[in-house]
Amino acid sequence: MPSRPSPMALQSSSPYPSIFKKKSTSTMPTAASYLSAVSEADARARAHGANGSTPGSTPALSLSSSVTSSSEDTVLDESGLEFNDGLSYPRTPPTSEQVFTTVHSEFGHCANEKYRYTSQHRAGTQYKSYPEQDPPYYILLTTYLSYLLVICLGHIRDFFGKRLRPSHYKHLVSQNGYAALNSDFDSFYTRRLKTRIDDCFSHPVTGVPGRTIVMLDRYSPDYNVTMVPTGTRTRGLNVSSYNYLGFAEAKGPCADAVESSVNRYGVSACGSRLEGGTLDLHQQAEALVARFVGQEDALISSMGFATNSTIIPALVSKGCLVISDELNHASIRFGVRLSGANVRMFKHNDMNALEELLREVVSQGQPKTHRPWKKILVIVEGLFSMEGTLANLPIIMDLKKKYKFYLFVDEAHSIGALGPHGRGVADYFGINPRHIDILMGTFTKSFGAAGGYISGNKVLVDRLRVHGHTGPYAEAMSPPVLTQVIASMASIMGISSGLEKDKLNALVLPAKSEEYPGLVPVSALPSWMPVAPTMADGSDGLMRLRRLAFNARYLNRGLRKLGFITYGCDDSPVIPLLLFNPGKMAVFSRMMRTRAVPIVVVVVAYPATPLVTSRVRFCLSAAHTKEDIDTVLIACDEIGDLLDLKQGQGERWPLKEIINRAVELVAMPETD
Amino acid sequence: MSTTSSSLEPFFTLVSQSLQTIETNFYKIPGSAVIARYVRSSHRDDPGRTLLEVILIIFAIRTLLQSRTKAETSGKHFIKFSEQEIDDLVEEWVPEPLAQPLSPTDQADLDAVPVISGPTGPKPKLMNGKTVINLASYNFTALSGNAEIKERCVETLRKYGLGSCGPPGFYGTQDVHIQLEQDIADFLGTEGSIVYSQAFSTISSVIPAFCKRGDIIVADRGVNFAIQKGLQISRCTVRWYDHNDMGSLEKVLEAVEKERRKKKLPLTRRFIVTEGIFDHDGAMSDLPKLVELKLKYKYRLILDESVSFGSVGRTGRGLTELYNVPASQVDMLVGSLANGLTSCGGFCAGSHIVVKHQRINGTSFVFSAAMPAMLAVAASEGINILRSTPSILSTLQENVRAVRAILDKVDCISIPSHPASATIHITVRTATPSTPSLAPPTTPMSPHSPLSPRMQASAGAPPFDIDAEERALQEIVEEALAQGVLVTRARRLRGQELNQPRPSIRLAISAALPRRDCEKAASVLKAACVKVLARRR
Ligand SMILES: Cc1ncc(COP(=O)(O)O)c(C=O)c1O
């Protein structure tokens, strides 16, 4: 496709010679016997794609180009080392009946219909997240001790450092009449604690952040002060990206749609929404989002963070009260602070604390004056990204009726990732979304795009369009990103061409629901957008939802059965595994990264979590196969023994049994 | 009497015993003797002081124990209610509706927002099928719809997919982001740069990353909304100087320094915050003078080049190129990739230390997903094109001159924008010739923002009628649209902006339009202005 070398490749000063390295056509690797099976399957997929995917009037333009480019691109990617680690190619080559249209390294091949589940709250039961377990005292003690140790060491090093190597501290102290940008005191934590394990953060990557991810290897000659790229790459199993539904793909119907959109629209809307940056595509996407989340109207902003930070000030102001879960995301706090409203916090997900607080604030009114509050807005997240817990919506809805507050649910992580229809926590709990005043979410996660939305009734959304900061000042969302949103949402919802037979062909979603009116009429989509048949009948989206639900439940329960302490709800695709000791974070991350099948994990510690509960966080995806989850379980089992992490209570199963009885494990009802 | 004292006997012995144990144990603590001696002697010298110190200690402990968000249950304003009373109060309380319907003017404004059908560009098609000349969209450098960029983007899509699916700290940093940051730094000549995923959210995170409570910011009264929000979040002390007035700036700097000397305040971080070309009126800062002042008074300079990056200078590097000031003289140079390079996102360029600090402290960098790889590549490619094609900027400047040549001659409007600015603001000319383009503040930003008292004192009604002018300008916009020219009023959040900027029509000139079209559009606009404003007189 690239007819001439990229100008970026010509720039010699760059440390990365070229990101668009020309694909060499002659590097057919030697593992030919194995590959022949794969390429046969690939050919089958092509044939399948070619004869089946020209629906109705849509041009096959982008489809043909994708097939030619991606097969050499993603199959014959890197060195020959990768053939048997199960990352680039399935360990068992596909049988002749199986047709996989996805690239295994992006979206794993999994044909076994048993490895599916439906993410849904069981009616009649109470939601409760798995009880948070405390570790034994010696773990707590050693955790505090290790913090104490590194802090002391840090101070000793600072003490001598400042005297022996003052030049290293120059930027931390006032000089020439300038106060330090960042004083040595303020930066102590970063310099002396975080730097020690900096190799576990901000690791540069390349390629699709799908089922696997390619890390650009680096090393540090000076204890993590600087990082030097080595020029080599490592592919690892990716349990870190927020790719819940596996829409991070360079091939497939969504990518095809995005390609035609780039060709048609370019990349920019050139301005803010109210100043000439509104395209037809924005309106189509907003209508689709509203339909998807089950609200009357929606508005889209080009950044998820900014959706909160620039819209909340238009919702509340002085004289209003915001009640916020203590673990709410930084963007929510940012927005609330800008709004000028009063804020009160309640203990994470503690509904008794919330009710107590509500009784207090409603009865007391505004501070000092005791005037009644103008309005009270409760802000919670649907799925808490560091905890894996869900907002306890059933109880919150009851409280809402009684205390008359407005409810804002940030569904950044839950939209797409939870519920039988993928419509987030309300769907999961079977609550009518229109009973929630404001549903906010982002496209960066489940939809593999960028930006965010706010939805609610039309009066509200129109008000936010005019009075939010986004409308007049922030750049509008870029057309290819909008297209990714439209294509991925449409493929979850299914598309109807308006004909009756079409409806019959469409897969019936579990438990037909009035809130989520099934198929999108094709007229609601851009007419130029190519539509693949799997998108149209909703089978693609449904498969993603069901695979994610299985994976999440399997790993959650598997880890508990192995004896680990994890937080959160069984159905949450975000799974924090508690490590406690800060030192174990680095070791865990490094051991996972350097395994025969490298696993890429995220570790988090203070200040993102409380001081003692350092953790590793797995984010699962529909793109993972059961074998991938097995791989993670095996790795955790080994490392967990080494690092003494298995401190959980409750029944344990041996690893073999977990792997063999996975389906049974997932199907087991919630324990009480 | 005696019975009570005898029944209390065991209690007294217990008290005296425990006091004794406490005392002996206290003396076992090393250094306790010193403290005891100090307390004793100070009590002998000045009994009042002991009392004071005890109170102080109790107070300190109380403040320490009091959590900030939970002060009210015990406060003196707390009223105790019975459960029944609370239930009644809950029953009685009627909240305001979450959102009031829009006012008719707001609704009309919203309905008047033009919607482009298909791609935007110099001559887009609107929803009603009409093709118009576009003087509204930010496409200074004509990169929108550029074929090379599109091709590069599709390649990127096929390699990276679209989204980055993670914040930069957690595997969201892709090689294309590193490349883009390097490209920006090379282009501007700074040590490094950092890319945020939305231009508007860039500076409102950059400012609070560096400026904390107690720090001093000296800012132009006319700064844009994003900067205002950044100042508000940072909670530092803000001093304002008159819009684009270097004399006023120097006075404020002098005053701050004097105050610091007089009160013997410790040295804190000090910043000058201003814009390259102002978003509110298109005026241009005198960068050499700014640099001179910041060096003289030892301030750091935060310069927002969101409008000027990609629109002035020989190759679009912005004010630093125009004035030939090394970009390293600007401590934090913030720009927009959306306006200048028709991609998405913003950046902050500066020294390694400045950049590294933001990677941990820039809120909207840390807590938001990295921008899609495709958009990063589009921006990199845009820089490449600018670098190799200086004719883009000369065309742009010619177009600006062509438009100004026509509009400058119109009596009924005035243009506060700098002649080289590619955004041109058109305001209604009022009878008094020297109306400032910026009204003094009408409302303090928020009750708890620590603004200088002086600035709040000068509050008063703006000397222009905002509603009437906005209506007139909107009429001009609609008249021009009827004649096939797309322009837009500068949209402002009235009531939320710190100072009420003068209502204006904001043109964004593009190098993509042939000069003829620019002239034609300017003439149409001129006719519209004359027609509408003459009618009003
Ligand atoms: C709850 C919540 N809200 C908002 C955001 C910001 O979204 P984005 O990354 O799209 O800016 C995040 C992302 O991490 C989040 O977790």
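In this structure, chain A has a heavy atom under 4.5 Å from the backbone of B:Thr268, while its side chain stays farther away. In this structure, chain B has no heavy atom under 4.5 Å from any part of A:Lys458. Using a 4.5 Å cut-off between heavy atoms, B:Leu486 makes no contact with chain A at all. At a 4.5 Å heavy-atom cutoff, the contact between B:Leu157 and chain A is made by backbone and side-chain atoms alike. When heavy atoms are compared at a cutoff of 4.5 Å, B:Lys356 approaches chain A solely by way of its side chain, counted from C-beta outward. If you measure heavy-atom distances from A:Ala269 to chain B, the contacts under 4.5 Å come from the backbone alone. Contact of A:Phe334 with chain B is made through backbone and side chain together, with heavy-atom distances under 4.5 Å. Looking at B:Ala378, the atoms closer than 4.5 Å to chain A (heavy atoms on both sides) all sit in the side chain, from C-beta outward. B:Phe367 touches chain A through backbone and side chain together, each having a heavy atom under 4.5 Å away. For A:Thr190, the part lying under 4.5 angstrom from a heavy atom of chain B is the side chain only. Using a 4.5 Å cut-off between heavy atoms, B:Pro168 contacts chain A through its backbone alone, with no side-chain atom that close. No part of A:Val461 comes within reach of chain B, as not one of its non-hydrogen atoms sits under 4.5 angstrom from that chain. Both the backbone and the side chain of A:His469 come within contact range of chain B, each with at least one heavy atom under 4.5 Å from a heavy atom of that chain. For A:Thr310, the part lying under 4.5 angstrom from a heavy atom of chain B is the side chain only. Only the backbone of B:Ser343 comes within contact range of chain A, with heavy atoms under 4.5 Å apart. For a residue to count as touching a neighbouring chain, one of its non-hydrogen atoms must lie under 4.5 Å from one of that chain's; by this rule A:Arg273 touches chain B with the backbone only. Both the backbone and the side chain of A:Glu475 come within contact range of chain B, with heavy atoms under 4.5 Å apart. No part of A:Ala314 comes within reach of chain B, as not one of its non-hydrogen atoms sits under 4.5 angstrom from that chain. Residue B:Asp87 touches chain A through both its backbone and its side chain, counting heavy-atom pairs closer than 4.5 Å. At a 4.5 Å heavy-atom cutoff, B:Arg494 makes no contact with chain A through either its backbone or its side chain. Of the two parts of B:Ala490, the backbone and the side chain both hold a non-hydrogen atom closer than 4.5 Å to a non-hydrogen atom of chain A. Looking at B:Ser164, only its backbone comes within 4.5 Å of chain A, counting heavy atoms on both sides. Both the backbone and the side chain of B:Arg300 come within less than 4.5 Å of a heavy atom of chain A. A:Lys445 touches chain B through its backbone: at least one of N, CA, C or O sits under 4.5 Å from a heavy atom, while the side chain does not. For B:Tyr297, no part lies near chain A; criterion is any non-hydrogen pair under 4.5 Å.
Under a 3.5 Å cut-off, the side chain of B:Lys298 and the backbone N or O of A:Tyr178 do not form any donor-acceptor pair. Panel note: side chain A:Arg463, backbone B:Gln100; a donor-acceptor pair is recorded below 3.5 Å. In this structure, A:Lys404 contributes its side chain and B:Glu91 its backbone to a donor-acceptor pair below 3.5 Å. No side-chain donor-acceptor contact under 3.5 Å links B:Arg491 to the backbone of A:Gly471.
Interface summary for chain B: among A:Pro479, A:Ser187, A:Ala180, A:Pro372, the most heavy-atom pairs under 4.5 angstrom belong to A:Ala180. Looking only at heavy-atom pairs under 4.5 Å with chain B, the residue among A:Ser174, A:Pro480, A:Cys619 that has the most is A:Pro480. No other option in A:Val258, A:Val208, A:Leu357 has as many heavy-atom pairs under 4.5 Å with chain B as A:Val208. Of the listed residues A:Tyr473, A:Phe201, A:Tyr242, the one with more heavy-atom pairs under 4.5 angstrom with chain B than any other is A:Tyr473. The candidate with the highest count of non-hydrogen atom pairs below 4.5 Å against chain B, out of A:Asp437, A:Val603, A:Leu281, A:Ile376, is A:Ile376. Of the listed residues A:Val267, A:Thr444, A:Asn243, A:Leu338, the one with more heavy-atom pairs under 4.5 angstrom with chain B than any other is A:Leu338.
Across all non-hydrogen atoms, the minimal contact from A:Ser268 to B:Thr342 is CB-O, 3.1 Å. Nearest heavy atoms, B:Cys153 versus A:Val262: CB-CG1, 4.0 Å. Closest heavy-atom contact between B:Pro95 and A:Lys375: CB-CA, 4.4 Å. Heavy atoms only, all atoms of each residue included: B:Gln198 and A:Ala306 are closest at OE1-CB, 3.0 Å. Of all the heavy atoms in A:Val481 and B:Pro372, the pair that sits closest is CG2-CG, 4.2 Å.
Going from atom OG of A:Ser478 over to atom CE of B:Met374 covers 7.5 Å, rounded to the nearest 0.5 Å. To the nearest 0.5 angstrom, A:Leu181 atom CG is 7.5 Å from B:Asp331 atom CG. Rounding to the nearest 0.5 Å places NZ of B:Lys80 at 9.5 Å from OG of A:Ser363. Atom CG of B:Leu89 sits about 10.0 Å away from atom CZ of A:Arg359, to the nearest 0.5 Å. Note that SG of B:Cys165 is 8.5 Å distant from CD1 of A:Ile213, once rounded to the nearest 0.5 Å. Here CH2 of A:Trp373 is found 13.0 Å from CD of B:Glu96. Values are rounded to the nearest 0.5 Å.
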**Item:** Worked check of side chain to side chain donor-acceptor pair (under 3.5 Å) between A:Thr206 and B:Tyr160
**Value:** CA-CA 7 Å; A:Thr206 184; B:Tyr160 293 80; 3.2 Å; yes
**Request:** Show your reasoning for whether side chain to side chain donor-acceptor pair (under 3.5 Å) applies to B:Thr488 and A:Glu275.
**Result:** CA-CA 6 Å; B:Thr488 175; A:Glu275 290 188 348; 5.3 Å; no
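Proximity of B:Leu102 to A:Val466: side-chain heavy atoms (C-beta onward) are separated by under 4.5 Å at one or more points. When side chains are defined from C-beta on, B:Leu98 counts as touching A:Ile438, because their heavy atoms get closer than 4.5 Å.
Between B:Tyr171 and A:His203, the ring planes lie parallel to each other; the angle is under 30°, not in the 30° to 60° tilted range.
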